[in-house]
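Since the structure comes first, as structure tokens, the remarks are kept for the end.
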Amino acid sequence: MHPMGWDSFGMPAENAAKQNNLDPKTWTESNISKMKVQLKKLGLSIDWDREISTCSEEYYKHQQKFFLELYKKKLVYRKENYVNWDPVDQTVLANEQVIDGKGWRSGAVVERKKLNQWFFNISKFSDDLLESLNQLDKWPKKVKLMQKNWIGKSFGCEINFKIEGALPIKRIKCFTTRPDTLFGFSFLAVSIDHEIAKFYEKDKDFIKFKDECSKSGTTEESIAVGEKIGFKTDLLAINPVDPSKKVPVYFANFVLMDYGFGAVFGCPAHDQRDFDFAKKYNLEIKTVVKPKEEDDTFTVKEKAFSDDGVIINSDFLNGLEAPNNSVPETIKILETRKIGKKLITFRLKDWGVSRQRYWGCPIPIAYDEEGNEYPIPDDMLPVKLPKNIDLNVKGNPLDHQKNWKEIIIDGKRLTRETDTLDTFVCSSWYYLRFCSPTEKNYGYTKKDIDYWMPVDQYIGGIEHAILHLLYSRFFMRALAFENENFNITEPFEDLFTQGMVCHETYKDPEDNWVSPDEIEVVNGEKRLRINNKIKITVGPSESMSKSKKNTIDPEKIIEDYGADSARLFILSDSPPEKDVQWSEEGISSSYKFIQKLWNLHLKFEDEISKKHKKDSSENILKFTNLFIKKIENYLENFSYNVIIASMHEMYNFFIKELNNEYTKETLYENYIKILTVISPIIPHYTSETLELLKYKNNLSWPLYNEDILIEDSVNIVVQINGKKRGLLTLNKNLSEEMIFEEIQKDEKLSKYISGPIKNKIYIQNKLMNLIL
RNA sequence: GGGGCGAUGGCGGAAUUGGUAGACGCGCUGGUCUUAGGAACCAGUCGAGCAAUCGGUGAAGGUUCGAGUCCUUUUCGCCCUACCA
């Protein structure tokens, strides 16, 4: 099954519709039909009976059902969460839409805002998602590693610090992977969102501090360059291993609420962040780990020491090897003393799926005035998007649809959820839909998915290494949870990550992007075709995108060179996992090769029409059989560029070989086989030539005959002292002695044998190495 | 800061298990045919050398009869990730 679907919800459609005053549905559907024409012209073997589009009601109604199923299983929930808020566009921005702390569209300084958001409980499956990576033995290591890091399992320990001070705060819990540095404890820092913040809500200085923190945004980038700042409370934390030591408690901007407990214990000598913070606020920097080669007087001065070492200045921990021995040992001691306990945390957070957008799948939930949640009943599904709405409003257009928002369930007046689902939800289960594309009652049927799933071979860009692939793996687990009829956990058995098609980028002197169509080459310089032929600057080759105007129109390529030239070029030079550089020379050389193949075809036809008597079929049989074998291998290994190279070799072989005499039958049979195995690469060409040859049968993959490939003679590499000195073409399976005799007979080789032979290394039919 | 991947001619890149390095294409050089060619065809194309030969897969070392391939160190490049406690 080779299906095609359209991931058709999302911002690009909504934005384009906004700009051109169109309905997103109309815009999307017209784009789909254009692309469909192009894909068909390229001759891709897509099963169009299984076509799906995620923005169709037929698709998203099942998604809403899934959503409610997960809701029942408590795998979906709503909570307040901080988001990147664009105050001008009145919308939530994803992290990647925040550039230098500003909204990518409005340029407004992005704020941190608390919003009620829907979440999928992906973290429930953290361990399973991590452990099961081991079973995915056909996935690239790189992708598995990226997922592993993303899930981010870390082993450590929770420590519940006793707090002293005027406020009713008795304890603060911290997570640490380095409990062994507890004797270096010199401050405790909590997130500004930590529960103790409620005691400071009215403190003017704290409000000011919080403001400063929120200005720096929530993006990783802005945090990375941001300075470490803190707000000192009048609380003191007691060191549980040395109760005489009491250290200050700070709010700090570098502590994140959603990792661990939103509180850290500061050990400046052995953590760079803590070190920077301690320097700024003049806190104690006590060295408790030394490098192995140093003595106990070692002290940390310029920067934190976080390499492996030995514990010092730490009472009962002294002398332990850090961190491999010291961490488990410390945890054991802390556990017996009831100070802390072993804890595993994950970096993976629950998946926020709420989007304040129109063009997405509506979330099938309604609320009463108190904000209680009511799932939309099954007979009222799907929740359809309203039509003919005004997109040019502040915030979420759905929020402005009074009529649509109101709904009565069981006589109760309720208000609909106006957020729509992240489009990654749509792509998390579409492969199930491909199995049962027309099933009305449910997203799939058990019979169909039992037959088809899991996906044998998944192909996608590396950009999906984490999110899409992880969400899909989660979605299968979520559907399987408390569901005996669903046995799939891993959707994709084999994964191949392909590269993209890239093109140089061009800019005119005013810094506007220029499309390759607008350019001509004059005396080796690239200039604008119109507008006084101004010289343009050539930028780096990047993946084709409309925003950079470095795209090539596939229709024009097909018109100028034909679909097969385009297919040939895309596959020819680079291996498929790498990016391809689009070039005029490249496509034209592919075009020329098809012309050459055509000349070869004419020669074949000519030879087939002649009446040869003699048949020296051996060469041609050998070549064809080997060719089939090679192509089979390369296809299986995705070595498409090597297939194209072999096709060139095939041309070079036959264009000469056809000067020899062959019978009609030999020529015809072998040529058909050749055309068959190259037909996946250039189907239009082979279809045409097969028709001209009056070949009427359906094509089936030819079997090669291994016996024909067995050679009688073989090339033996002759090495003297490991250095290659020559080649001998000899009969197969000769003994070591016989080969040695041949070497001695050969003048060119024997002249190197100047002394007694100490050793002979013989690899049968391959190599003889003589050691003097 | 942490992690990963990679480095082979002028270029894109080949090279099952360690066993003829540079397949194939682009580009370039020379030639043939042409009024012309940016078409087609033929020959050549890792470097040095007239040659025999010698050197050569980022660098240095190691294992091995034998290393582009395995190990150690190192340089450079790319990618991912990041106040993750």
Would you mind reading off the distance between [X] atom [atom1] and [N] atom [atom2], rounded to a whole angstrom?
{"X": "Lys228(A)", "N": "C83(B)", "atom1": "NZ", "atom2": "C1'", "answer": "5 Å"}
{"X": "Leu767(A)", "N": "G19(B)", "atom1": "CG", "atom2": "C1'", "answer": "5 Å"}
{"X": "Glu504(A)", "N": "C11(B)", "atom1": "CD", "atom2": "P", "answer": "16 Å"}
{"X": "Ile739(A)", "N": "G19(B)", "atom1": "CD1", "atom2": "C1'", "answer": "14 Å"}
{"X": "Leu145(A)", "N": "C80(B)", "atom1": "CG", "atom2": "P", "answer": "14 Å"}

- prompt: Under 4.0 Å between a side-chain N or O of Arg273(A) and OP1 or OP2 of G2(B)?
  reply: no
message: Between Asn765(A) and G19(B), is there a contact of a side-chain N or O with OP1 or OP2 at under 4.0 Å?
response: no
Using a cut-off of 4.0 Å on non-hydrogen atoms, how would the nucleic acid contact of [X] be classed: base, sugar-phosphate, or nothing?
{"X": "Lys760(A)", "result": "nothing"}
{"X": "Phe275(A)", "result": "nothing"}
{"X": "Val580(A)", "result": "nothing"}
{"X": "Gln719(A)", "result": "base"}
{"X": "Ile771(A)", "result": "sugar-phosphate"}

field: 5' precedence on RNA chain B between Asp307(A) and Lys751(A) (nearest-nucleotide basis)
entry: Asp307(A)
message: Go nucleotide by nucleotide along RNA chain B from the 5' end; which of Lys141(A) and Asn715(A) gets its closest nucleotide reached first?
response: Lys141(A)
- prompt: Does a distance-only test, which skips hydrogens and angles, find a donor-acceptor pair under 3.5 Å between the side chain of Glu585(A) and the base of G27(B)?
  reply: no
Sub-4.0 Å heavy-atom contacts from residues 589-596 of chain A onto RNA chain B, ordered by number: Ser589(A), Lys592(A), Lys596(A)
query: Looking at Phe185(A), is Lys245(A) sitting on its ring face, NZ or CZ under 6.0 Å from the six-membered ring centre and within 45 degrees of the normal?
result: no
task: Check the chi torsion on G22(B) and let me know: syn if it falls within 90° of 0, anti if not.
output: anti
statement: From the candidates U20(B), G19(B), G25(B), the one with an atom nearest any side-chain atom of Leu727(A) is U20(B)
task: May I ask you to say whether Lys630(A) pairs ionically with Glu649(A), meaning some side-chain N is under 4.0 Å from a carboxylate O?
output: yes
Contact state string [nucleotides 12-18 of chain B, B base, S sugar-phosphate only, - no protein heavy atom under 4.0 Å]: BSS--B-
